Each structure stands twice: as C-alpha cells, then as structure tokens.
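Reviewing the structure listed below.
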Amino acid sequence: MMGQQGTPHRKLNYVKLMQLVLPVCLFISLCVVMCVPVERSEDDGTEIVAEEAPVTQILRGTSVHDLEKQDTVSYHLRHLDFMPEPTQRMKVNYFGDMRKTFNDSNHVHMAEAAKYGIEPLSDTRSHWQLRRPIVRITTCEDYYLDTLIYSRPYLVPEAARTLREIGRRFRDTIAARGGGDYRIKVTSLLRTPQTIKRLRRRNRNAIDSSVHQYGTTFDISYANFVAGRPAPARSVDDLKGVLGEVLKAMREEGKLWVKYERGQPCFHITARKPEEKE
C-alpha cells in the first residue's frame, strides 16, 4: 500500500530550473558589461581629449592653501606646485642694480597714495563709508594672488588696472621671447591698522603709516613665480629680469613708483594717479 511504502519523492525538473535561473544570470551579466568602462582605441574615430584637460586631485592636501589650489571652478587657480627643471635661458635686457633703479622713497609713495586713495580704515564702520569705490582682486590669467595673511584683496580701480597691466605685459614679453606659462605672484594688497600691527611683529618695513592702507599699493614677489606648464622651463633670475624690465618701462611712462624690498623679497609698487585729460 502507498501508506506503508511512504510518500514518493518528486524528481527535480532541470529544464524548468534553467528557465528560471538563466534570465537572472543574463540580466546580471548585462549590468556588469554596461558598468565596466571600455577603452577606446585611436582607430575608432573617437577623439580623446582627457589628457589635454587640466587634472585636479581633490583632497590632495589638508591645509587651506592646498584647498585653494584645488579649486574646481576657476581654471586660473590651477598651477604647478614647483618651478620646472631643467631651465632654459631666455633673453633679458638687464639694466644694472635693481636696488638703485627702484629706490622710490616711502614719502613719494605716500604722497601719491594720498592723492586718490581711500581713507585708511580705522574701524568696522569705516569699511562702509569709503570716499571712493574699491574693487576685489582675484587670481586671473595675468597674475596669481598668494594666500593673504596680513592684507585684504582690495585695491582702488586705478591700482587694479595697473596691476593687471603689469601682469599682462610680463606674460606678453615672455611669449615674445620663446614662450613659457608664467605669472607674477601678488603677495600683499590693502592693509588695515589691525593687520599692520600683526605684521610689524615679523616685518620691520611695515611702519604705522603704511601706504598699503590707501588701496593704491601692492607687492609683487621677485623670488617666486607661478608656473602653469612644465615646459619651457625658465629660471627665477630670468623671470625676475623680465619683470624688472616691465616695471622700469612703466615707471618711465609715469604709471607707478617702485621700491625694491630686501627684507621681504618683493617689489613694493604704488600705482600713480592717471593724468586727467582736459
């Protein structure tokens, strides 16, 4: 009897099992194939431009300075972290000791700044009661703004235009003499009594009546430049010589006053007030 023999076992139907499992396996395989990137060869007619685009490594560093260099919005903030080597010489029209050529006294700078600069900012309220407008200075194709600790990124419009002209003429001169992607580095701009007080602890040149308070004056490093590409590589001495040429020409054109600083390796520059046309 069936009761005595027990319930018979049902045989496994492999055909039905394959019909259920096979579609699932095919679906998973298709998803894997679609997710895996496929390298395109140069023969398939597709132009590869990824290598030409600037590469930004996010989270490369942990300091504020590192994060500024990793900006993904402004193209001009991208640059090399070092000066490329080995360097190639370029034409420089040297004109002697820069300390003697660029020796405009602080009194000359101060007199010029007082003509058209802002009133020195004495307190928080004075920031909103300027006698004339100021413009914000940011890194651009003509110059690179260093991380500012003892100053603020503002200048009066005339000084901002002069700074832009210096950077543009510097880059144009390099391009005319063989090329190279280099920019000047701006190290100081508008200062306040609070920033001057902190700076005096480290720099004896930052006197109480700093001309930087008028928004007409800025500093450009002659010891550091910003490189955008590894080639052609230029030396700091040659780049300093080209910058000196530009400043000498603009000084002779009546556009600025220059002081060669030795304590801090920079050119201390005050833009001159443009002559009013009658």
Side-chain angles (χ1 to χ4, degrees), residues 56 59-74 76-83 102 106 109-110 113 117-128 130 134-140 142-156 159-160 162-164 166-167 170 182-228 236 239-240 243 247 256 258-271:
T56 303
L59 301 180
R60 178 180 177 182
T62 57
S63 68
V64 174
H65 183 61
D66 290 330
L67 293 177
E68 287 182 351
K69 292 187 293 185
Q70 292 166 1
D71 182 87
T72 58
V73 177
S74 175
H76 302 299
L77 286 176
R78 299 187 177 97
H79 65 281
L80 299 181
D81 293 329
F82 54 88
M83 290 293 287
F102 303 129
N106 185 67
H109 286 261
M110 187 66 68
I118 64 173
E119 292 287 348
L121 305 177
S122 58
D123 52 29
T124 304
R125 180 178 299 178
S126 66
H127 288 59
W128 305 98
L130 301 176
I134 56 178
V135 295
R136 184 177 179 86
I137 304 301
T138 59
T139 294
C140 63
D142 294 320
Y143 55 79
Y144 182 89
L145 184 62
D146 198 9
T147 301
L148 301 179
I149 301 177
Y150 301 107
S151 64
R152 300 292 179 262
Y154 295 95
L155 290 174
V156 295
T162 299
L163 173 59
R164 193 68 180 263
I166 294 172
F170 173 79
Y182 292 92
R183 286 176 290 170
I184 57 175
K185 178 180 285 189
V186 184
T187 57
S188 184
L189 296 164
L190 176 65
R191 293 176 186 165
T192 65
Q194 290 76 15
T195 60
I196 293 175
K197 183 177 180 180
R198 287 188 286 126
L199 180 59
R200 287 187 66 200
R201 300 171 186 170
R202 301 186 61 180
N203 180 9
R204 58 186 175 86
N205 291 325
I207 59 178
D208 287 336
S209 57
S210 173
V211 70
H212 279 275
Q213 296 181 89
Y214 292 85
T216 60
T217 305
F218 47 89
D219 294 343
I220 298 176
S221 174
Y222 58 70
N224 293 285
F225 296 85
V226 175
V236 172
L239 295 174
K240 176 183 176 181
L243 177 56
L247 295 179
L256 48 80
V258 189
K259 173 70 174 179
Y260 184 96
E261 299 286 1
R262 285 177 286 182
Q264 297 291 327
C266 67
F267 291 110
H268 177 72
I269 302 169
T270 294

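Hydrogens, waters and symmetry mates play no part in the numbers below; they use all other heavy atoms, side chains included. Everything quoted here is computed from the prediction, not taken from an experiment.
- The shortest distance between side-chain heavy atoms of Arg164 and Cys140 falls below 4.5 Å.
- Side-chain contact between Leu190 and Ile137 is absent, with no heavy-atom pair separated by less than 4.5 Å.
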key: Working for side chain to side chain contact (heavy atoms under 4.5 Å, CB included), residues Met83 and Leu239   = CA-CA 11 Å; Met83 290 293 287; Leu239 295 174; 3.7 Å; yes
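- We find the CD1-CG distance between Ile184 and Asp146 to be 12.0 Å, quoted to the nearest 0.5 Å.
- Considering only heavy atoms from C-beta on, Leu145 stays 4.5 Å or farther from Thr138 through its side chain.
- The minimum heavy-atom distance linking Gly215 with Ile118 is given by the pair N-CG1, 4.4 Å.
- For Thr216, there are no side-chain hydrogen bond (donor to acceptor under 3.5 Å, both in side chains) partners two or more places apart in sequence or in a different chain.
- Checked by atom type and distance alone, the side chain of Arg183 pairs as donor or acceptor with a backbone atom of His76 at under 3.5 Å.
- Interatomic distance, CZ of Phe102 versus CG of Leu247, reported as 5.0 Å (0.5 Å rounding).
- Not counting sequence neighbours, the partners of Pro265 by the side-chain contact (heavy atoms from CB on, under 4.5 Å) test are Tyr222, Ala223.
- Residues satisfying the side-chain hydrogen bond (donor to acceptor under 3.5 Å, both in side chains) criterion with Thr187, sequence neighbours excluded, are absent altogether.
- No side-chain heavy atom of Arg136 sits under 4.5 Å from any side-chain heavy atom of Ile134.
- Atom CD1 in Ile220 sits 13.0 Å away from atom CD in Glu261 (nearest 0.5 Å).
- Phe225 is linked by a ring pair (Phe, Tyr, Trp, His ring centres under 6.0 Å) to Phe170, counting only residues two or more places apart in sequence or in another chain.
- His268 meets the ring pair (Phe, Tyr, Trp, His ring centres under 6.0 Å) test with His109, His212; sequence neighbours excluded.
- Taking every heavy atom of both residues into account, Ala159 and Ala271 meet most closely at CA-CB, 3.7 Å.
- Residues forming a salt bridge (Lys or Arg N to Asp or Glu O under 4.0 Å) with Asp219 (at least two apart in sequence, or on another chain): Arg191.
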request  = Output, in order, the C-alpha distance, side-chain angles, deciding distance and verdict of side chain to side chain contact (heavy atoms under 4.5 Å, CB included) for Ile166 and Leu243.
outcome  = CA-CA 8 Å; Ile166 294 172; Leu243 177 56; 4.0 Å; yes
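- How far OG of Ser188 is from CD1 of Ile149: 10.5 Å, rounded to the nearest 0.5 Å.
- Distance check: Leu189 CG to Phe218 CZ gives 8.5 Å after rounding to the nearest 0.5 Å.
- Remark: Thr139 OG1 to Arg78 CZ distance equals 13.0 Å, nearest 0.5 Å.
- The minimum heavy-atom distance linking Met110 with Ser210 is given by the pair CE-C, 4.2 Å.
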